[in-house]
Amino acid sequence: TSSQLIDDELVAGFVGVTPIGVSELPHTSRYERYKRLISEVSRPCLNSWESARMSARVAGHIIQRFYHPILALDEVDRTLSTDTSAAMITTSQAMPTMTITGIRDALIPPKEVAARLNASTGYQGSHREIPATHLSAFADSRHSQAIVDAINTLEV
């Protein structure tokens with residue numbers, strides 16, 4: 001549990017970058033989940049050669065998973081429909097916690113994360129928004145410094 005991690009001094013804080021399980025996504029229909037996923041991945045993440053390479057790697061990984069399409073679809077749906085809000089709230093009560101969301105994220109809109117993780121739901125952590133989509137938060141290194149800066153503000 002998160003309290004054991006703190007007691008053992010293994011973890012000083014927790015940061016979730018574009019966290020899928022703390023949006024409304026797990027509570028939408030399968031059709032809506034895939035519609036949002038397709039909307040997000042259909043946006044080009046080609047602002048730099050580096051982001052294009054990273055996007056191609058991600059696409060390659062997804063394509064490899066489709067050698068077994070039923071297993072791949074089950075895995076995607078299981079990931080998109082898992083609600084981790086309660087765990088994030090509990091973690092925030094035990095250690096410094098932050099969520100970082102992309103302002104232009106069509107899959108995990110920041111307003112949904114903020115609605116599920118706030119003081120009235122028991123969340124004691126913080127939120128940061130970066131000027132990114134879901135994929136570009138990871139694929140475009142121009143967002144790396146914003147993520148590092150946000151992490152550095154986490155009070156541990």
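For reference, positions follow the sequence shown, starting with 1.
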So, do [X] and [Y] sit near enough that their side-chain heavy atoms are less than 4.5 Å apart?
X      : Y      : result
Leu135 : Leu107 : no
Arg33  : Ser81  : yes
Thr82  : Ile20  : no
Asp149 : Thr153 : no

Identify the two heavy atoms, one from [X] and one from [Y], that lie closest to each other, and give their separation to 0.1 Å.
X      : Y      : value
Ile147 : Ala137 : CD1-O, 3.5 Å
Leu25  : Glu112 : N-OE1, 3.9 Å
Thr121 : Ile89  : O-CD1, 3.5 Å
Pro26  : Ser23  : CD-O, 3.3 Å
Arg128 : Ala150 : CG-CB, 3.7 Å
Ser92  : Thr97  : CA-OG1, 3.1 Å

Inset, instruction - Could you tell me whether the side chain of Thr84 and the main chain of Ala87 form a donor-acceptor pair under 3.5 Å? - result: no
Legend entry - Pair Thr28-Arg36, side-chain donor/acceptor within less than 3.5 Å: no
First locate atom [atom1] of [X], then atom [atom2] of [Y], and finally report the distance between them rounded to the nearest 0.5 Å.
X      : Y      : atom1 : atom2 : result
Gln124 : Asn118 : CD    : CG    : 12.0 Å
Gln93  : Met88  : CD    : CE    : 12.5 Å
Glu129 : Lys111 : CD    : NZ    : 11.5 Å
Leu80  : Glu32  : CG    : CD    : 11.5 Å

Legend entry - Member of Val15, Thr18, Leu117, Ile108 meeting the side chain to side chain contact (heavy atoms under 4.5 Å, CB included) criterion with Thr99: Leu117
Legend entry - Any pair counted as salt bridge (charged side-chain N to carboxylate O under 4.0 Å, His left out), so long as it reaches residues 80-101, sequence neighbours left out: Asp83-Arg116
Inset, instruction - Test side-chain contact (heavy atoms from CB on, under 4.5 Å) on Tyr123 and Val22 and set out the steps. - result: CA-CA 11 Å; Tyr123 181 68; Val22 296; over 6 Å; no
